[in-house]
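These notes are about the structure you will find just below.
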Amino acid sequence: MFKRILAITLVMMMMFSLTACGGQSTPAAGEPAGTDAAPADAPATAEAAFHIGIVTGTVSQGEDELRGAEAMIAKYGDASDGGMIKHVTYPDNFMQEQETTISTIVGLADDPLMKVIVVNQSVPGTSAAFQQIREMYPDILLLANSPQEDTAMIEAAADLAIDPDNVNRGYLMILAAKKMGAKSFVHISFPRHMSIELLSLRRNIMEEACKDLGLEFISETAPDPMSDVGVPGAQQFILEKMPAWVEKYGKDTAFFCTNDAHTEPLLKRVAELGAIFVEPDLPSPIMGYPGAFGIDLKEEAGNWPAILSKVEEAVVAKGGSGRMGTWAYSYGYTATEALTEFGKNVVEGTMSKDSFDDVMACFDLYTPGAEWNGSYYLDRVSGEEKTNHIMVYQDTYVFGLGYLGNSKEVVPEKYKEVK
């Protein structure tokens, strides 16, 4: 703590010194003043008053989250150049390298100007890292998106946890599948993901919703990309199994997988075989679709309406109209932006870390035209709403059809009792 206070003091003294000198730099030797140098009345380039750390996976593990971090660097500047944002990534093989993950997150806190840390996705090790930071630097705001650890653990460690609403989505995705003409719903996952409380709960709600809405529910298992087969082996499995699954369950079957790496090969086969796909686990127009359909989005990067339009054109051309969907804005990308914006505003005193409305306002800010809904996480054992754990979802967008209106649907109360 002393090091942080000393460093902050030194930074403030330097800023005061620059201000007292009128913010002008001395021309380099041999450089004539008043030519290429800044004009005498030009304001000084202001250093960021504080830093925000963003932790994401790499492109191979979570491209949307990483690109969201890049968008925040573009908006608020890189901390290494006097800006606000410091971005780091955790290892691809985070399950076997948890100590590296923990040290990566904790390392951000050694920056004396660090005031907010956003982790997206919050892979195993995040809670332990947050606990260490909390003990050393209790003033740092800790924000976790899509936690993959026990909910009680992350709620105890983080100031705020955000999840795609995998409770209400358990019902809403089945409702969407029915609206899209599905007669069956196939849930594809593996034991590691089914050990995550919210993913397991969502699966159980999906099965119950299928009974209520008249769809057949089928559970299938695929290799974990974190296992020995790796991402290539897991993806090859999906490519090879899909023809048999579609033949067995029929074309009017909606397929859903819990893992990002499975999504691209699944989409590829759904389009080829004429099946149904409601939305990815972490929905986005660029989650699996560009690779599955060979779409180049370099020119549209960061422009979500343009991205959606181009992906829609490709999907419709391949016969996916009315049969394939997503969210109009990437959840992973938006969550990075929204939590960074929220943290910034809390530090600056314009928002409250305990305000549900402030959190939702930050999601709205980066998704013009889309509709969100959300609620506090409900602990199934105690019946208590956890006010530092918020569940959010965006309306489903079906290519060739438009928004389904799911953000306005009322989820029956009975699903709050499913465990």
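Residue indices begin at 1 and follow the sequence shown.
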- Can you check whether Trp372 reaches Asp395 side chain to side chain, under 4.5 Å on heavy atoms? no
- Message: Taking ring pair (Phe, Tyr, Trp, His ring centres under 6.0 Å) as the definition, give me every residue that meets it alongside Tyr333, ordered by chain and number, with sequence neighbours left out.
- Response: Trp304
- Item | Whether over 12 other heavy atoms sit under 6.0 Å from Lys248 NZ | no
- Does the Arg203 side chain pair with the main chain of His187, one donor and one acceptor, at a distance under 3.5 Å? no
- Is it true that a side-chain atom of Ser355 and a backbone atom of Ser352 form a donor plus acceptor pair closer than 3.5 Å? no
- Message: Under a 3.5 Å threshold, yes or no: a donor from one side chain and an acceptor from the other, between Asn373 and Ser407?
- Response: no
- Query: Side chains of Gln121 and Gln148: donor-acceptor distance under 3.5 Å anywhere?
  - Reply: yes
- Item | Test item: Ser309 side-chain N/O and Ala306 main-chain N/O as donor-acceptor pair under 3.5 Å | no
- Message: Could you tell me if the side chain of Val118 sits less than 4.5 Å from the side chain of Phe342, heavy atoms only?
- Response: no
- Side chain proximity check, Asp212 to Glu208, heavy atoms < 4.5 angstrom: yes
- Would you please indicate if the ring centroids of Tyr397 and Tyr403 are separated by under 6.0 Å? yes
- Provide the full list of side chain to side chain donor-acceptor pair (under 3.5 Å) pairs with a residue in residues 270-297, sequence neighbours left out, each pair given once. Asp64-Ser284, Arg169-Glu279, Arg202-Asp281, Arg269-Glu272, Glu279-Trp327, Glu279-Thr396
- Establish, from distance only, whether the side-chain atoms of Glu149 and Ser127 form a donor-acceptor pair under 3.5 Å. yes
- Taking C-beta and beyond as the side chain, do Thr258 and Ile188 meet within less than 4.5 Å on heavy atoms? no
- Query: Counting only heavy atoms not in Gln96, do more than 12 fall under 6.0 Å of its CD?
  - Reply: yes
- Message: Looking at Glu264 and Lys268, is any side-chain nitrogen of the basic one under 4.0 Å from a carboxylate oxygen of the acidic one?
- Response: no
- Measure from the side-chain N and O atoms of Asn120 to the backbone N and O of Gly332, and report whether any donor-acceptor pair falls under 3.5 Å. yes
- Can a salt bridge be assigned to the pair Glu312 and Lys310 using a cut-off of 4.0 Å between side-chain N and carboxylate O? no
- Is a side-chain N or O of Gln394 found less than 3.5 angstrom from the main chain of Ala328, in a donor-acceptor match? yes
- Is a side-chain donor-acceptor pair under 3.5 Å present for Glu135 with Gln131? no
- Task: Would you please test Tyr415 and Tyr171 for ring-ring contact (aromatic ring centres under 6.0 Å, His included) and show each step?
- Result: CA-CA 8 Å; Tyr415 293 102; Tyr171 171 81; 5.0 Å; yes
- Give a yes-or-no answer on whether the side chains of Glu220 and Tyr249 include a donor-acceptor pair shorter than 3.5 Å. yes
- Should Met114 and Phe50 count as side-chain neighbours, where that means a heavy-atom distance under 4.5 Å? no
- Query: Would Thr56 and His87 count as having a side-chain donor-acceptor pair, cut-off 3.5 Å?
  - Reply: yes
- Under 6.0 Å from the CG atom of Asp81, do we count more than 12 heavy atoms belonging to anything else shown? yes
- Message: Can you list everything that forms a side chain to side chain contact (heavy atoms under 4.5 Å, CB included) with Ala79? Sequence neighbours excluded, please.
- Response: His51, Lys86
- Item | Glu348 CD: over 12 foreign heavy atoms closer than 6.0 Å | yes
- Query: How about Leu378 and Lys416: do any of their side-chain heavy atoms sit closer than 4.5 Å?
  - Reply: yes
- Message: What I'd like to find out is whether the side chain of Asn145 reaches to under 4.5 Å of the side chain of Leu143, using heavy atoms alone.
- Response: no
- Main-chain N/O of Asn345 paired with Thr350 side-chain donor or acceptor, under 3.5 Å: yes
- Query: Taking Asn388 for the side chain and Ala158 for the main chain, is one N or O donor matched with an acceptor at less than 3.5 Å?
  - Reply: yes
- Message: Taking the side chain as everything from C-beta on, heavy atoms only, tell me whether Pro305 gets closer than 4.5 Å to Asn303.
- Response: yes
- Item | Salt-bridge criterion met for Lys179 and Glu409 (N-O under 4.0 Å) | yes
- Item | Taking every non-hydrogen atom, the tightest pair across Arg134 and Ala157 | NH2-O, 3.0 Å
- Looking only at non-hydrogen atoms, find the nearest pair between Thr336 and Ala69 and report the distance. CG2-N, 3.4 Å
- Task: Please test Lys386 against Glu384 for salt bridge (Lys or Arg N to Asp or Glu O under 4.0 Å), starting from the C-alpha separation and ending with a verdict.
- Result: CA-CA 6 Å; Lys386 300 295 184 177; Glu384 178 187 359; 3.4 Å; yes
- Phe237 vs Trp245 aromatic rings, parallel, tilted or perpendicular, using cut-offs 30° and 60°? perpendicular
- Message: Checking side-chain contact (heavy atoms from CB on, under 4.5 Å) between Met391 and each of Asn168, Ile162, Asp163, which is the one that passes?
- Response: Asp163
- Show your working on side-chain hydrogen bond (donor to acceptor under 3.5 Å, both in side chains) between Glu341 and Tyr366 and close with a plain yes or no. CA-CA 10 Å; Glu341 189 72 29; Tyr366 288 99; 2.5 Å; yes
- Task: May I ask you to say whether Lys408 pairs ionically with Glu371, meaning some side-chain N is under 4.0 Å from a carboxylate O?
- Result: yes
- Message: Using modelled atom types and a 3.5 Å cut-off, is there a donor and acceptor pairing between side-chain atoms of Ser200 and backbone atoms of Glu197?
- Response: no
- Determine yes or no for a side-chain-to-main-chain donor-acceptor pair under 3.5 angstrom, with Arg323 supplying the side chain and Gly274 the backbone. yes
- Task: Using modelled atom types only, decide if a donor and an acceptor are shared between the side chain of Thr334 and the backbone of Ser330 within a distance under 3.5 Å.
- Result: yes
- Task: Sorted by first residue and then second, give each salt bridge (Lys or Arg N to Asp or Glu O under 4.0 Å) pair with at least one member in residues 353-368; sequence neighbours left out.
- Result: Asp159-Lys353
Donor-acceptor contacts, no H, no angles, side chain residues 99-108, under 3.5 Å, sequence neighbours left out:
from	atom 1	to	atom 2	distance (Å)
Thr101	OG1	Glu97	O	3.2
Ser103	OG	Glu99	O	3.2
Ser103	OG	Thr100	O	2.9
Thr104	OG1	Thr100	O	2.7

- Task: Applying ring pair (Phe, Tyr, Trp, His ring centres under 6.0 Å), name anything that partners Tyr376, two or more places apart in sequence or on another chain.
- Result: Phe356
